[in-house]
Amino acid sequence: MEASDILIGVVGKTNVGKSTFFAAATEVTVEIGNRPFVTIEPNIGVGYVRKRCVHVELGLEKCDASNSLCLKGWRMIPVRMMDVAGLVPGAHMGRGLGNRFLDDLRRADVILLIVDASGSTSPEGVPVKPGTYDPVEEVEFVIREFDEWLYRNISKDWSKVARTIDSSQVLDVPGALAQRLSGFSIRKEHVVRALEETGLEGKKLTNWTEEELRKFIVAVRRASKPMVIVANKIDLPGAEENLQRLRERFPGIPVVPASAASELLLRRLARQGIIEYVPGDSDFQVKDPSRLDGKTRKLLGLVRERVLKKYGGTGVQEAINTAVLGVLKMIAVYPVDDPNKFTDKNGRVLPDVLLVPRGTTARELAYRIHTDLGETFLYAINARTKQRVGESYVLQDNDVIKIVAAKR
Ligand SMILES: Nc1nc2c(ncn2[C@@H]2O[C@H](COP(=O)(O)OP(=O)(O)OP(=O)(O)O)[C@@H](O)[C@H]2O)c(=O)[nH]1
Ligand SMILES: [Mg+2]
């Protein structure tokens, strides 16, 4: 299955449940263990955004999802995910596994910062009594390490970059800068925002002080690598209070309560056909009680009481949705060939769905599907209203669109 271009990076202190979250979201089998530094090499997989499928809204009986899944009317739209090694304070100075492995995340569009909301792991990731360590501090140090990593990477050849751009006297400095930083998925709009925020617009790059460069890097990180804090291990005592504190302390960042271990259990049992559960549901149903042993039955009871009833879900799906739909502001569009039957050339109903940034136009969608289609674009048809729309029509969430192009 083809995933969209979006890459979600999973980052955090060591031993907080990053790999558990990743395994639950992607169903890729990875090593999980209650000790620091279990993960060394990055894990790459495909997770899903969950959205009501348009076929339900259109009153169609079913769809023929092909680049995604449709589970009980929920369209599961693939996005790429990456789980990397864990951090400890001082990682940028080489402590723990260092922070060089963050290089794998250069291309990440959004970050899930997983924290142990129960405070049951020390700063070094050693298991301790719940409530011992403060997850607020955890968020602060992980962000600090992330910024240090970015600073180290960008400052490496900064003076050369600054000299080249200053001496070339280009008019579009943010564009030129973005080009040099594109390896970090930093785009012009991010640079513009960071320059504005730091008041560095118009200042010659070669005249920036080290402090100014640091400020710029923090601002450009905020713009280009937005975060969602995942307050994991919410099933453990003390986590609920910490969730409140995290929200108060980081008002600008969404905080999603989660229990990755619960989601992993539910998915495993669902895959085995023992329970019925669609990722993101607020409850499950036992289908085959005879295959449930006493221990698992008890665990399921705890998941239901401590997690699902209290938070409306395990939070794994919610975190991905928040990252992609909330933070990145992606919308879903369904390209079709027949706007009356909502089918492709082969008669399949709503086979494809694409995630595109809010503000994308009909013509940009055509380009996204195929360069040829973008170049020969004539007009589009909004399949809901059957109305013709022009190239600059701004797509709406859940639009079903036929693109009409000239024959070449
Ligand atoms: N109670 C509880 N335990 C969890 C949860 N999620 C993960 N764990 C446990 O936390 C421990 C660490 O999990 P991992 O997923 O290996 O953590 P990690 O962050 O990938 O750790 P490293 O790769 O070693 O940095 C394991 O014992 C998991 O079972 C959760 O939601 N609740
Ligand atoms: Mg891990």
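Order of listing sets the numbers, starting from 1, for every ligand and every atom in it.
Environment of NZ in K203: crowded, with over 12 heavy atoms of neighbouring residues, nucleotides or ligands closer than 6.0 Å.
Here's the thing with T39: one of its N/O atoms is less than 3.5 angstrom from an N/O atom of ligand 1. For ligand 1, one of its N or O atoms has an N or O atom of S259 under 3.5 Å away. At under 3.5 Å, a nitrogen or oxygen of F37, whether backbone or side chain, sits near a nitrogen or oxygen of ligand 1. Residue A85 has no N or O atom closer than 3.5 Å to an N or O atom of ligand 1. Ligand 1 has no N or O atom lying under 3.5 Å from any N or O atom of I32, backbone or side chain.
Close approach of ligand 1 to G86 (heavy-atom distance below 4.0 Å) involves ligand atoms 25 (O). Interface atoms of ligand 1 facing L236, defined by a heavy-atom separation under 4.0 Å, are 1 (N). The ligand atoms of ligand 1 that sit less than 4.0 angstrom from a heavy atom of P36 are 24 (O). Those atoms of ligand 1 with a heavy atom of A261 less than 4.0 angstrom away are 4 (C), 5 (C), 6 (N), 30 (C), 31 (O), 32 (N). Those atoms of ligand 1 that come under 4.0 Å of a heavy atom in R35, given as number and element, are 24 (O). Close contacts of ligand 1 with T14, meaning ligand atoms under 4.0 Å from a residue heavy atom, involve 22 (P), 24 (O), 25 (O). Applying the 4.0 Å criterion to heavy atoms of S19 picks out, from ligand 1, the atoms 15 (O), 18 (P), 20 (O). Close approach of ligand 1 to K18 (heavy-atom distance below 4.0 Å) involves ligand atoms 15 (O), 17 (O), 18 (P), 19 (O), 20 (O), 21 (O), 22 (P), 25 (O).
Between the side chains of D372 and T376, no donor N or O sits under 3.5 Å from an acceptor N or O. Defined by atom type and a distance below 3.5 Å, a donor-acceptor pair is missing between the side-chain atoms of Y48 and N321. One side chain, E263 or Y277, offers a donor N or O that lies under 3.5 Å from an acceptor on the other. A donor atom on one side chain and an acceptor atom on the other are found under 3.5 Å apart for T206 and D166. Using modelled atom types and a 3.5 Å distance limit, the side chains of S259 and K233 yield no donor-acceptor pair. In summary, the side chains of N34 and N15 do present a donor paired with an acceptor at a separation below 3.5 Å, with no hydrogens or angles considered.
Closest to atom 32 (N) of ligand 1 among all protein heavy atoms lies D235 OD1, 2.8 Å. The nearest protein atom to atom 24 (O) of ligand 1, hydrogens excluded, is given as V38 N, 2.6 Å; this is a heavy-atom distance. Taking atom 16 (O) of ligand 1 as the reference point, the nearest protein heavy-atom neighbour is G33 N, 3.2 Å. At the top of the distance list for atom 6 (N) of ligand 1, counting protein heavy atoms only, stands N232 ND2, 3.2 Å. Among all protein heavy atoms, the one lying closest to atom 27 (O) of ligand 1 is N34 CB, 3.3 Å. The nearest heavy-atom contact from the protein to atom 14 (P) of ligand 1 is T20 OG1, 3.6 Å. Atom 9 (C) of ligand 1 has its closest protein heavy atom at K233 CE, 4.3 Å. The protein heavy atom nearest to atom 21 (O) of ligand 1 is N15 N, 3.0 Å.
Legend: residues meeting salt bridge (Lys or Arg N to Asp or Glu O under 4.0 Å) with D157, ordered by chain and number and at least two apart, are absent. For R363, the side chain to side chain contact (heavy atoms under 4.5 Å, CB included) partners two or more places apart in sequence, or in a different chain, are T361, Y367, F377, E391. Annotation: side-chain hydrogen bond (donor to acceptor under 3.5 Å, both in side chains) contacts of E197 (sequence neighbours excluded): R222.
A cation-pi arrangement is absent between R221 and F146, since the terminal nitrogen or guanidinium carbon is not both under 6.0 Å from the aromatic centre and inside a 45° cone about the axis. Cation-pi contact between R214 and Y151: present, with separation from the ring centre below 6.0 Å and deviation from the ring axis of at most 45°. Cation-pi check for R100 over W149 is not met; the charged atom does not lie both under 6.0 angstrom from the ring centroid and within 45 degrees of its normal.
Within the 3.5 Å criterion, the main-chain N or O of A108 finds a donor-acceptor partner in the side chain of K225.
Partner of M227 under the side chain to side chain contact (heavy atoms under 4.5 Å, CB included) criterion, chosen from V11, V142, I143: I143.
At a heavy-atom cutoff of 4.0 Å, ligand 1 is contacted by no atom of I234, backbone or side chain.
For the Mg ion (ligand 2), protein N/O/S neighbours under 2.8 Å (waters excluded) are S19 OG, T39 OG1.
Considering only heavy atoms from C-beta on, R75 stays 4.5 Å or farther from R52 through its side chain.
When all heavy atoms of M81 and A25 are compared, the closest pair comes out as SD-CB, 3.8 Å.
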